[in-house]
Amino acid sequence: VVILSGYLLPLIVGTGICIPKTKGKCASWTEWSDGYFTKVAGAVGGPLLVYWVLVSAALSNVGQFLAEMSSDAFQLLGMSERGFLPKAFARRSRFGTPPLGIAFS
C-alpha cells in the first residue's frame, strides 16, 4: 500500500496540476519528458520541494547502483561455488562478503 501510494500520489498530482506550456494553455500528460516531476514539484511546493525531489532521485539512483553491484559480486561468488569460475571468487572476507567479486563487479 505504501509503495503503491508512493507511485500513484505524485502521478495523480502531476496529471492534475497545470504547468503552463504557452500563454493560457497547460501542458498535457502526453508531453511529459525526463525531469517533469521536478516541474510538478516546483509548481506544487516551490524551490524547496524541487530540491527535495532532486536529492531523493539522486539518492535513489545511488542506492540502486550499490544494490546492483553487490548482487553482481554475490553472483560471481555463486558461479565460483558451482565451478563456473575459478575458486578464488569463492573466498569470503571475515564479514562474509566476496572481496574478489566486489573488485571485479
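One is the number of the first residue; the rest follow in order along the sequence.
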Next item on the list: Return each pair, listed once, that meets disulfide (SG to SG under 2.5 Å) where at least one residue sits in residues 37-88; pairs must be two or more places apart or across chains.
Entry: none
Item checked: All side chain to side chain contact (heavy atoms under 4.5 Å, CB included) counterparts of Ser71, not counting sequence neighbours -> Glu68
Notebook entry, point to check: Atom CD1 of Ile12 and atom CD1 of Ile17: how far apart are they, to the nearest 0.5 Å?
Noted result: 13.5 Å
Next item on the list: Indicate the atoms forming the closest heavy-atom contact of Glu81 with Lys87, along with that distance.
Entry: O-NZ, 4.2 Å
Margin query: Run the side-chain hydrogen bond (donor to acceptor under 3.5 Å, both in side chains) test against Thr97 and tell me which residues pass, sequence neighbours left out.
Written below: Ser93
Checklist line | Same apolar cluster (I L V M F W Y, side chains within < 4.5 Å links), Trp32/Val50 | finding: no
Margin query: So Asn61 and Gln64, do their side chains get closer than 4.5 Å, heavy atoms only?
Written below: yes
Note to self: If the condition is side-chain hydrogen bond (donor to acceptor under 3.5 Å, both in side chains), which residues does Thr30 pass it with, not counting sequence neighbours?
What the structure shows: Ser28
Next item on the list: Return the minimal non-hydrogen interatomic distance between Ser5 and Pro10, and the atom names on each side.
Entry: O-CD, 3.9 Å
Item checked: Residue pairs involving residues 9-91 (criterion disulfide (SG to SG under 2.5 Å); sequence neighbours excluded) -> Cys18-Cys26
Check: So which heavy atom on Leu77 is nearest to which on Ala90, and how close?
Finding: CD1-O, 3.4 Å
Check: Do the non-hydrogen side-chain atoms of Phe37 and Val13 ever get within less than 4.5 Å of each other?
Finding: no
Notebook entry, point to check: Applying ring-ring contact (aromatic ring centres under 6.0 Å, His included), which residue pairs with at least one partner in residues 51-77 are found, sequence neighbours left out?
Noted result: none
Checklist line | Pairing residues for Ala88 by the side chain to side chain contact (heavy atoms under 4.5 Å, CB included) criterion, not counting sequence neighbours | finding: Arg91, Leu100
Notebook entry, point to check: Taking only residues two or more places apart in sequence or in another chain, which ones pass side-chain hydrogen bond (donor to acceptor under 3.5 Å, both in side chains) with Glu31?
Noted result: Lys21
Margin query: Quick check: is Phe104 connected to Phe84 through a chain of hydrophobic side chains (ILVMFWY, heavy atoms under 4.5 Å apart)?
Written below: yes
Margin query: Applying side chain to side chain contact (heavy atoms under 4.5 Å, CB included), can you list everything that pairs with Leu85, at least two apart in sequence or on another chain?
Written below: Leu76, Met79, Ser80, Phe89
Checklist line | Distance in Å, Leu49 CG paired with Leu54 CG, rounded so as to fall on 0.5 Å steps | finding: 9.5 Å
Next item on the list: Ignoring hydrogens and angles, tell me if any N or O in the side chain of Ser60 forms a donor-acceptor pair with the backbone of Ser56 under 3.5 Å.
Entry: no
Notebook entry, point to check: Under 4.5 Å between side-chain heavy atoms, hopping through other hydrophobics if needed: is there a path connecting Met69 to Val62?
Noted result: yes
Checklist line | With sequence neighbours excluded, residues passing side chain to side chain contact (heavy atoms under 4.5 Å, CB included) with Tyr7 | finding: Ile3
Next item on the list: Could you name each residue pair satisfying disulfide (SG to SG under 2.5 Å) that touches residues 76-105, not counting sequence neighbours?
Entry: none
Notebook entry, point to check: Which pairs with one or both residues in residues 39-105 pass disulfide (SG to SG under 2.5 Å), sequence neighbours excluded?
Noted result: none
